[in-house]
Amino acid sequence: MIIIMRPEIRADGPEVEDIVSFLRHFPEIKVKVVESEGEIRPVTEIHLIGPTHNIPAEPIKSMDGVEMVVRVSSKYRQIGRHDIHLHPVGFTYQDILFDQDSLQIFAGLCAVDTPEHVEQVFQCLQELGIKTARMGAYKPRTSPYDFQGHGAKCLPYVFELAGKYGVKIVAMEVLKENHIDEIRQALEETGHPTGVMLQIGTRNAQNFELLKAVGSQHEFPVLYKRGMGLTLEESLNACEYIASEGNRHIVFCLRGVKSQLGLPHRNLIDFGHVPVVKRLTRLPVCVDPTHSAGVKDRSPEGILDIFHAAAQGVIAGANMILVECHPDPKTALCDGPQALTLDELKEFVEDVAIVREAYEKRRALRKKYSKGEED
Ligand code: PEP
Ligand code: MN
């Protein structure tokens with residue numbers, strides 16, 4: 001059960017205190033007061049976990065400050081929207097907003113190779129006015145003989161260079177809990193020149209201990225990538241582990257699913273699920289056109305399949321794009337064949353802006369027609 005408070009009610013207000021003391025009559029219920037940024041306004045909610053069927057909704061509904069009482073299903077209760085009753089939630093990190101309306105592009109190296117390449121990418125992002133990047137230090141590879149990433153030793157120069165070029169957030173995959181400590185330590189040692197969004201890769205989509213580890217820290221937001229062989233429902237339930245540990249600063253990322261039916265793409269592009277995830281959950285949704293398409297092929301008009309894939313996500317309302325680029329893709333130590341050059345990245349950013357504008361027009365059109373439906 002979730003009790004949603006009216007907009008003016010704050011988590012430390014007397015109305016919340018009254019409800020929490022009423023709930024003490026039900027000692028078997030765990031009560032958690034959650035305050036987060038909503039799409040339109042901050043939201044204060046009281047989450048009840050346990051056998052809530054014993055708790056009568058009516059007396060709570062009539063208590064001061066209560067807007068709504070929602071009985072939630074046991075599935076992804078914190079990230080779920082529960083039949084649209086709940087507002088989407090967003091968050092601001094490093095002064096950048098993530099919610100179901102915003103759009104951020106995170107571009108950069110699949111795997112950090114040299115400080116020169118990191119610097120070239122950040123410089124290019126600055127020229128494009130982008131403050132969000134991706135950089136892989138820890139790489140989960142299919143073969144143990146492939147490059148596994150430079151690990152902790154590249155973190156100081158990655159963070160310092162990010163700061164130098166005004167990059168405010170670097171999305172970075174972690175493979176185990178100790179990587180979070182290494183990132184925290186490197187940020188401290190370099191004087192916090194940037195922020196980090198912890199990425200859970202598709203191969204760890206059901207690594208529940210890792211999900212609990214990123215969920216139980218509150219410093220870094222989390223980019224959760226859908227499991228490549230999981231149903232959407234399975235991935236949403238796994239993602240819930242992060243929120244259930246207390247961290248609700250989560251972005252859910254679609255990155256394609258493994259299937260021969262996706263050939264000649266690396267994965268079957270699943271961006272038709274963008275509106276589905278936005279409807280089922282309160283989370284901002286990311287698309288990864290690089291790993292889903294996975295090739296640099298072009299359609300007859302000359303547009304890269306990676307651009308087309310991103311466009312499919314953006315036209316459907318995606319809130320974040322994760323895209324790989326490299327100053328010299330043929331020398332990349334990981335995923336070079338799918339990396340955009342820096343010139344292609346420039347074109348990509350312009351292409352995304354066109355599609356985003358079309359999405360905004362589609363929203364305006366819907367608004368116009370929905371007015372007619374109300375009359
Ligand atoms: C990545 O983004 O670097 C990556 C390895 O992606 P995925 O986990 O989706 O394969
Ligand atoms: Mn990659």
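The analysis underlying the following values was restricted to heavy atoms, covering all of them including side chains, and did not include hydrogens, waters or symmetry mates. Order of appearance sets the numbers: ligands from 1, and atoms from 1 within every ligand.
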* For Glu324, the ligand 1 atoms whose distance to one of its heavy atoms is below 4.0 Å -> 3 (O)
* Under 2.8 Å: N/O/S of Cys334 next to the Mn ion (ligand 2) -> no
* **From CD (Gln199) to OH (Tyr138), nearest 0.5 Å** => 13.0 Å
* **Top protein contact for atom 6 (O) of ligand 1, by heavy-atom distance** => Lys225 NZ, 2.9 Å
* To do: In plain terms, say whether Glu233 and Lys75 are close enough for a salt bridge, that is, a side-chain N and a carboxylate O under 4.0 Å apart.
  => yes
* Asked: Out of Arg226, Lys225, Arg266, which one pairs with Asp288 under the salt bridge (Lys or Arg N to Asp or Glu O under 4.0 Å) rule?
  -> Lys225
* Quick one: does Arg203 get an N or O within less than 3.5 Å of an N or O on ligand 1? -> yes
* Are the side chain of Asn319 and the backbone N or O of Asp99 linked by a donor-acceptor pair below 3.5 Å? -> yes
* Can you list the ligand 1 atoms lying under 4.0 Å from a non-hydrogen atom of Arg255? -> 7 (P), 9 (O), 10 (O)
* Asked: Which atoms from ligand 1 have a heavy atom of Gly201 less than 4.0 Å away?
  -> 8 (O)
* Asked: Taking heavy atoms and a distance under 4.0 Å, where does Met228 meet ligand 1: side chain, backbone, both or neither?
  -> neither
* **Identity and distance of the protein heavy atom lying nearest atom 8 (O) of ligand 1** => Thr202 N, 2.8 Å
* Output the distance between atom CD1 (Ile169) and atom OG1 (Thr132), rounded to the nearest 0.5 Å. => 6.5 Å
* Should the pair Phe106 and Phe98 be assigned to parallel (<30°), tilted (30 to 60°) or perpendicular (>60°) ring geometry? -> tilted
* Asked: Per the side-chain contact (heavy atoms from CB on, under 4.5 Å) rule, which among Met228, Glu173, Arg141 passes with Arg203?
  -> Met228
* Structure fact -> Of all protein heavy atoms, the one nearest atom 5 (C) of ligand 1 is Glu173 OE1, 3.6 Å
* Structure fact -> Looking at Glu324, the N/O/S atom that lies nearest to the Mn ion (ligand 2) is called OE2
* Shortest non-hydrogen contact between Leu261 and Leu268, atoms and distance -> O-CD1, 3.8 Å
* **From Arg134, Met172, His291, Lys258 - option closest to atom 4 (C) of ligand 1 by heavy atom** => His291
* Which N, O or S atom name in Asp335 marks its closest approach to the Mn ion (ligand 2)? -> OD2
